[in-house]
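These numbers come from a predicted model, not from an experiment.
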Amino acid sequence: MQKKLLNYQIYREPLSQIDLKNNKIINTINPHSYCVARVENKFDRALKSSDILLPDGVGIVWAEKFLNKNKILRITGFDIFKFLMEKLNAKKGTCFFLGSDQRTLNLIKEKALLEFPNVSVNFYSPPYKIEFSLEDSIKMCNAVNAVQPDVLFVGMTAPKQEKWVYSFKNKLETKNICCIGAVFDFYAGNIKRSSDFSIKYGLEWLPRLVREPKRLFYRNFVSTPKFILEVLSFKLFKKGIL
């Protein structure tokens, strides 16, 4: 996507190109997170500092094609999660789930041990609060560092998770950090993921909106129109409006 509009380096290569031997921070971007990042400087810096920023959202895919005539694939948080777990299973690696509640983490571990039996699964449930104290964050880092996992999955919703990783990435002893938010609930079975049909045709947002209208109203009826207007404005005037 044109850097004059988003100024983010969007990852376009197949997932197979990702090498777990090199330390990486992997984040995702969609129209809503783009709009949030435009007004939250720390979130903006966190996304821009990503080693890999995946286009998780049909709006990002559309904007790239509309602006630059480049056809790219949508890569969701669930896609990168399954890809990394398969890589870890092949190499008998270690992963760590940071976030969510104890029940959800237990469900994740049970399922992961069945689907990826060669992966050592570890986790830590931080306190549920809007902002972590320094003491909270130290405990979180210590829990991760005690394992030193190949991959750290962070699921604390955006932009909280990305901003936390941005602040403490140099304190975490792990090779790769991947912020995947709602994937924790999807994989645990707390929230049913949309059908393959919806995913294939870019309608995954619709059944989620029906199930969680209050939580997802803003991102679909405020952020999405803002993003579309931003893209159209840049196309017409070479200048964003947000």
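In this structure, Val121 and Leu113 have side chains that are in contact, with non-hydrogen atoms separated by less than 4.5 Å. Residues Leu229 and Ser233 form no side-chain contact, since every pair of their non-hydrogen atoms from C-beta on lies 4.5 Å or further apart. Counting heavy atoms from C-beta on, the side chains of Leu152 and Leu172 come closer than 4.5 Å. Between Arg103 and Leu105 the shortest side-chain heavy-atom distance does not fall below 4.5 Å.
Legend: salt bridge (charged side-chain N to carboxylate O under 4.0 Å, His left out) pairs involving residues 160-174, not counting sequence neighbours, sorted by first then second residue: Glu40-Lys163.
Residues passing the ring-ring contact (aromatic ring centres under 6.0 Å, His included) test with Phe184, sequence neighbours excluded: Phe97. For the salt bridge (charged side-chain N to carboxylate O under 4.0 Å, His left out) test, residues two or more places apart in sequence or in another chain that qualify with Asp150 are Lys91, Lys175. Taking the side-chain hydrogen bond (donor to acceptor under 3.5 Å, both in side chains) definition, one finds that Ser167 meets it with Lys42, sequence neighbours left out. Annotation: side-chain hydrogen bond (donor to acceptor under 3.5 Å, both in side chains) contacts of Lys129 (sequence neighbours excluded): Asp136. For Lys92, the side chain to side chain contact (heavy atoms under 4.5 Å, CB included) partners two or more places apart in sequence, or in a different chain, are Asn118. Taking Thr104 as the reference, Ser100, Asp101, Ile108, Asp185, Ala188, Asn190 meet the side chain to side chain contact (heavy atoms under 4.5 Å, CB included) condition, with sequence neighbours excluded. Residues satisfying the side chain to side chain contact (heavy atoms under 4.5 Å, CB included) test with Asn142, not counting sequence neighbours, are Ile138. Judged as a salt bridge (charged side-chain N to carboxylate O under 4.0 Å, His left out), and not counting sequence neighbours, Lys71 has no contacts. Remark: Ala143 engages Phe96, Tyr124 in a side chain to side chain contact (heavy atoms under 4.5 Å, CB included) (not counting sequence neighbours). With sequence neighbours excluded, the residues satisfying salt bridge (charged side-chain N to carboxylate O under 4.0 Å, His left out) with Glu135 are Lys139. Remark: Phe83 pairs with no residue by the ring-ring contact (aromatic ring centres under 6.0 Å, His included) rule, at least two apart or across chains.
Taken to the nearest 0.5 Å, the CG atom of Asn27 stands 14.0 Å off from the NZ atom of Lys48. One finds the CD1 atom of Ile52 at 9.0 Å from the SG atom of Cys178 (value rounded to the nearest 0.5 Å).
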Problem - Residue pair Ile25, Val165: steps toward the side chain to side chain contact (heavy atoms under 4.5 Å, CB included) verdict - result: CA-CA 9 Å; Ile25 293 179; Val165 168; 4.1 Å; yes
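Ion pairing between Asp44 and Arg38 fails under the 4.0 Å rule for side-chain N and carboxylate O.
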